[in-house]
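What follows is a single structure, written as structure tokens, with notes after it.
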2 protein chains.
Amino acid sequence: MIERIPNLLRAHGIKPSHHRIKVYEYLVEKRNHPSVDMIYQELVQNIPTLSKTTVYNILNLFLEKGLAVMITIDENETRYDADTSLHGHFRCNNCQGIYDLRLDPAAWEWESLDGFEINESHLYFKGLCPECCH
Amino acid sequence: MIERIPNLLRAHGIKPSHHRIKVYEYLVEKRNHPSVDMIYQELVQNIPTLSKTTVYNILNLFLEKGLAVMITIDENETRYDADTSLHGHFRCNNCQGIYDLRLDPAAWEWESLDGFEINESHLYFKGLCPECCH
DNA sequence: TTCATTTTTGTAATCATTCTAAATTTATAC
DNA sequence: GTATAAATTTAGAATGATTACAAAAATGAA
Ligand SMILES: [Mn+2]
Ligand SMILES: [Mn+2]
Ligand SMILES: [Zn+2]
Ligand SMILES: [Zn+2]
């Protein structure tokens with residue numbers, strides 16, 4: 001289990017440094033679509049010398065190597081997701097939580113996309129989550 | 001035709017100042033999902049005293065009054081759209097153009113959204129547009 | 001060890017957006 | 001009309017996320 005992440009990083013052409021493993025661990029354990037700052041604030045508690053630039057560098061490397069995707073559901077802060085499969089997101093305007101929406105990939109194939117070559121797909125909803133609807 | 005826009009603004013509770021009319025005119029005529037800077041660079045040619053802050057103010061007012069929507073398909077610059085109907089967008093990674101995708105609203109009603117109260121829906125695709133696929 | 005390469009760090013720079021207070025314009029009262 | 005109040009616009013400073021950059025530290029091979 002503890003050995004899985006280094007191998008996964010290596011499989012994506014990423015040398016598994018301690019910091020990189022910790023960032024990836026954060027993404028897969030929390031599954032909270034964090035911002036750079038959320039990751040930094042958590043990891044800096046155990047890695048006091050951690051630089052926020054390092055978190056940026058690592059996340060950009062993950063994006064480049066296809067190990068994570070960027071979520072732009074928040075207008076002024078990039079969020080990250082280690083789940084690179086095709087799925088949608090919902091952001092609650094009250095509790096600010098970002099939830100996964102499991103969607104049928106077939107529903108994503110729109111006829112109006114004929115002629116376009118698709119590299120990325122993003123589906124975002126915003127509103128109130130079930131708990132915040134009280 | 002020239003009188004329609006002031007009335008539309010008034011209907012949305014917006015006093016139709018000259019600047020506001022010009023910004024709205026830009027949005028509906030160009031239909032290019034512009035950034036603040038794109039609007040500013042165009043309008044400042046005829047309104048030399050125009051401030052970029054004014055463009056920000058006006059667009060934020062439009063968003064607040066439901067006269068336009070914010071498009072976050074570009075990671076580092078907000079885009080705006082005067083078409084507030086439910087439709088998707090495609091951004092070409094080559095020519096940087098943003099295209100409308102007319103989609104069947106029925107297809108947006110996912111069963112996994114039960115319990116969520118939806119205020120906004122965004123569907124973005126990125127890749128190559130038909131022309132850039134050569 | 002030595003030396004080269006990679007990774008991390010701290011700080012400065014960039015850039016989009018917001019804040020703020022003054023200036024200008026527009027509307028209202030007299 | 002003028003005076004006054006309110007709304008709009010403006011310029012520049014402040015903010016905040018992200019990137020650039022160059023030095024420091026860690027890693028790994030010879
Ligand atoms: Mn997700
Ligand atoms: Mn559109
Ligand atoms: Zn909520
Ligand atoms: Zn194109």
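Reckoned from all heavy atoms, side chains included, excluding hydrogens, waters and symmetry mates. Chain identifiers are assigned alphabetically (A, B, ...) following the order of the sequence lines, protein sequences preceding nucleic acid strands; residue numbering begins at 1 within each chain.
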>> Aromatic contact between F90(B) and F125(B), with the criterion being ring centroids under 6.0 Å apart: yes or no?
In response: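 No, too far apart.
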>> With a 6.0 Å cut-off on the ring centroids, do H122(A) and H122(B) count as close?
In response: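 No - the distance between ring centres of H122(A) and H122(B) does not fall below the 6.0 Å cut-off.
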Students often get this wrong, so: under 4.0 angstrom with heavy atoms, is [X] touching a base, only sugar-phosphate, or nothing?
X	value
K15(B)	sugar-phosphate
S17(B)	sugar-phosphate
S35(A)	nothing

To the nearest angstrom, how far is [X] atom [atom1] from [N] atom [atom2]?
X	N	atom1	atom2	value
I21(B)	dT26(C)	CD1	C1'	14 Å
E75(A)	dG16(D)	CD	C1'	15 Å
H19(A)	dA26(D)	NE2	P	10 Å
E77(A)	dT19(D)	CD	P	13 Å
M38(B)	dT17(C)	CE	P	13 Å

> Does Y24(B) belong to the same Ile/Leu/Val/Met/Phe/Trp/Tyr cluster as M70(B), with side-chain heavy atoms less than 4.5 Å apart forming each link?
Replying inline: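 The answer is yes; both residues are in one hydrophobic cluster.
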> How do H18(A) and Y80(B) order along DNA chain C: which one's closest nucleotide is nearer the 5' end?
Replying inline: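 Final value for this comparison: H18(A).
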> Side chain of Y56(A): nearest nucleotide among dT18(D), dT8(D), dA16(C)?
Replying inline: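 It is dT18(D).
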> Heavy atoms, side chains only, cut-off 4.5 Å: are K30(B) and E25(B) in contact?
Replying inline: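 No, side chains not in contact.
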>> Taking only side-chain N and O atoms of N60(B), does any of them lie within less than 4.0 angstrom of OP1 or OP2 on dT18(C)?
In response: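 True: N60(B) side-chain N/O within range (under 4.0 Å) of dT18(C) OP1/OP2.
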